[in-house]
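Presented below is the structure to which this report refers.
All values reported here derive from a predicted model rather than from experimental measurement. Just so you know, residue 1 is the first one in the sequence shown, and it goes up from there. Remember, it's 1-based here, ligands and their atoms both numbered in the order they're listed.
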Amino acid sequence: MKFDRLETSNHIGGIPGVGDGPELEVVDPSTGRTVWTYRADTPEAVRAAVDAAAEAFPAWASATPAERSTVLHRLAAELETVAEDLAQAETAQAGKPIRLSRGFDVPGSIDNVWFFAGAARNLEGKAAGEYSAEHTSMIRREPIGVVGSVAPWNYPLQMAMWKILPAVAAGNTIVLKPAENTPLTTLMLAHACERAGVPAGVVNVVNGTGPVVGEALVTSPKIGMTSFTGSTAVGRHIAGLAAANGTRTHLELGGKAPFVVFDDADLDAAVRGAVAGALINTGQDCTAATRAYVHRDLFDDFVSGVAELMRSVRLGAPADPATDMGPLVSFRQRDRVAAMVDRAVSAGARAVTGGGAPGGELAAGAYYEPTLIVGADQRSEIVQEEVFGPVLAVLPFDTDDEAFRLADDVPFGLAASAWTRDVYRAQRAARSLSAGTVWINDHIPIISEMPHGGMKASGYGKDMSTYSFDEYTRIKHVMSDITGLAAKPWHSVVHQNA
Ligand code: NAP
Ligand code: MG
């Protein structure tokens, strides 16, 4: 189904519907034109969605892993048939270059479905056994119930998948709210779930703004868990709301990934890696390379290499396969990025390349030039805060210890990379850097089998991989007496004559 033929804006209990709330718009940020309008949901609709998910839970939770796996295999196959429509919709609503949507967002999302279709049959735990001589212990890994999830706009389909798949593979049901500006591919996914025979109520989608629809969802006393991806500020706010109900949370928040280039690094690889790692998705990637720490001996060559490559990046229409980098997701986000760069420059830093919005035809869209900053202070905003735009700051260092210290000297801890040809140094970097992912001689790649998630202000809990099942399941210990004795040996601690 193509997005402009979508006539419904929510999916509750297997029924596609429309909201009763205020009208909202999906804007193509490359032109500023509205590509789709819809009516937001109300808190009543959120309650109906949670009820539908709760009603669907018992049957879905007691389906066999093989049954759940079969449904997810059908979903993956169904999504393969609409992959191009999904790519077009993702590009229209988020301004992503079509090469990125076709080559990364959509195939990565579908691979996640294939992965969780298999993983659904591989929920693991400790072996049953006699840990006490008188008992057999065993572990039951059970779904939690209804998951209430809130997703961001940077990778709308992938983020929806990361929330939905481990939850439903493990036997939970879910209500998901996408970001208000990027609902299209999540709605298309809900339709695909229906065609694939996902039982009604297992996957529900509601739409609207965070403070209204998002809060109605995460404060529902009927949800067993909230999983959230987005900003650190909203994540902490949601964790506070969840605490009032004692609801479990999983938070995937912002990042400020360091990119550490040692003096023995392959300079060409580091330069190419920095440009790709900083500019992917116009820098709106929580793992994007944002701070390069470069050994002083390589500093000037690194800066000139990155600047030259950044200048060759082609900005253009997202739908054009020749476009390397599209606009920011919105004019608001573009203005936020521009203001942060302007403040950095006022504070004494220098933009070696970029540092502004392009003119000409691109001025109609939310574009910003690839920007390389030098001379920023480690304590400054541009080095400490998440920019979420195509901006890389480069700082020099002299010793390994200094590099590790500077790399960790921010609140965030989502991802990091180290560039070196020395295996010992690579292992020291892997150990030293406080981040949920550490790349060696690369930056950005992810894979369904491996976990993604943060440390420190980047949140906690894992997406993807079988590690995600630890978030979406609860562990029950079942301990059975195997002696058959009425007077059990341990009774003596309570009752002398036992
Ligand atoms: P955000 O405000 O944290 O939004 C993320 C999601 O939370 C959206 O669906 C949003 O709804 C919802 N939300 C907002 N306030 C809420 C509330 N009070 N209760 C429940 N849900 C609420 O993030 P953003 O404005 O989209 O992006 C800003 C920053 O988030 C970025 O600069 C970046 O730092 C971070 N971010 C991180 C990631 C990541 O993968 N870690 C991804 C995207 C963004 P609305 O649609 O109404 O905003
Ligand atoms: Mg927001």
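- Each of the atoms 39 (C), 41 (N) of ligand 1 lies under 4.0 Å from some heavy atom of L253.
- Screening residues 8-35 for salt bridge (Lys or Arg N to Asp or Glu O under 4.0 Å), with sequence neighbours left out, gives no hits.
- Within the 4.0 Å heavy-atom criterion, the part of H237 lying near ligand 1 is the side chain and not the backbone.
- With atom 8 (C) of ligand 1 as the reference point, the heavy atom nearest to it among A151, A40, G210 is part of A151.
- Between L187 and F3, the closest side-chain pair of non-hydrogen atoms is not below 4.5 Å.
- Ligand 1 is never approached by Y155 to a heavy-atom distance shorter than 4.0 Å.
- The two residues N204 and G14 come nearest to each other via the heavy atoms OD1-N, 4.5 Å.
- Close N/O approach between T209 and ligand 1 is not found [any backbone or side-chain N/O within under 3.5 Å].
- Scanning G454, S330, S231 for the heavy atom closest to atom 3 (O) of ligand 1 points to S231.
- Between R332 and ligand 1, a contact under 3.5 Å exists for no N or O pair.
- Between V113 and L165, the closest heavy-atom pair is N-CD1, 3.7 Å.
- The atoms of ligand 1 that sit less than 4.0 Å from any heavy atom of T229 are 5 (C), 39 (C), 40 (O), 41 (N).
- Against a heavy-atom cut-off of under 4.0 Å, E386 is close to the following atoms of ligand 1: 33 (C), 34 (O), 35 (C).
- Taking only nitrogen or oxygen atoms, main chain and side chain alike, K177 reaches within less than 3.5 Å of ligand 1.
- For ligand 1, the atoms closer than 4.0 angstrom to any heavy atom of N154 are 40 (O), 42 (C), 43 (C).
- Using a 4.0 Å cut-off between charged nitrogen and carboxylate oxygen, D320 and R314 do not count as a salt-bridge pair.
- Under 4.0 angstrom from ligand 1, the non-hydrogen atoms of I238 all belong to its side chain.
- Remark: ligand 1 and E180 share an N or O pair separated by less than 3.5 Å (distance only, no angle test).
- Note on residues 8-35: pairs passing ring pair (Phe, Tyr, Trp, His ring centres under 6.0 Å), not counting sequence neighbours, are H11-H191.
- Once rounded to the nearest 0.5 Å, the distance linking CZ of R343 with CD1 of I382 reads 8.5 Å.
- Taking every heavy atom of G214 and a limit of under 4.0 angstrom, the matching atoms of ligand 1 come to 20 (C), 21 (N).
- By the neighbour-count criterion of 12 heavy atoms within 6.0 Å, atom CD of E55 is sparsely surrounded, having that number or fewer from other residues, nucleotides or ligands.
- The closest approach between a heavy atom of R336 and any atom of ligand 1 is below 4.0 Å.
- With distances taken over non-hydrogen atoms, the option nearest atom 27 (O) of ligand 1 out of W153, F388, F228 is W153.
- Ligand 1 lies out of reach of V218, whose nearest heavy atom is not under 4.0 Å from it.
- Minimum heavy-atom separation, A357 to R334: CB-NH1, 3.7 Å.
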Please lay out, stage by stage, how Y460 and T249 fare under the test side chain to side chain donor-acceptor pair (under 3.5 Å). CA-CA 9 Å; Y460 46 80; T249 54; 2.6 Å; yes
Evaluate D470 against K462 for salt bridge (charged side-chain N to carboxylate O under 4.0 Å, His left out), listing each step before the verdict. CA-CA 8 Å; D470 291 339; K462 297 298 180 191; over 6 Å; no
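- Contacts between E215 and ligand 1, counted as non-hydrogen atom pairs separated by less than 4.0 Å, involve both the backbone and the side chain.
- Every atom of ligand 1 is numbered from 1 in the order shown, and the set under 4.0 Å from a heavy atom of P152 is 42 (C), 43 (C).
- Within 6.0 Å of atom NZ in K222, 12 or fewer heavy atoms from other residues, nucleotides or ligands are found, so the atom counts as exposed in its surroundings.
- Among S149, P211, C286, the residue whose heavy atom lies closest to atom 39 (C) of ligand 1 is C286.
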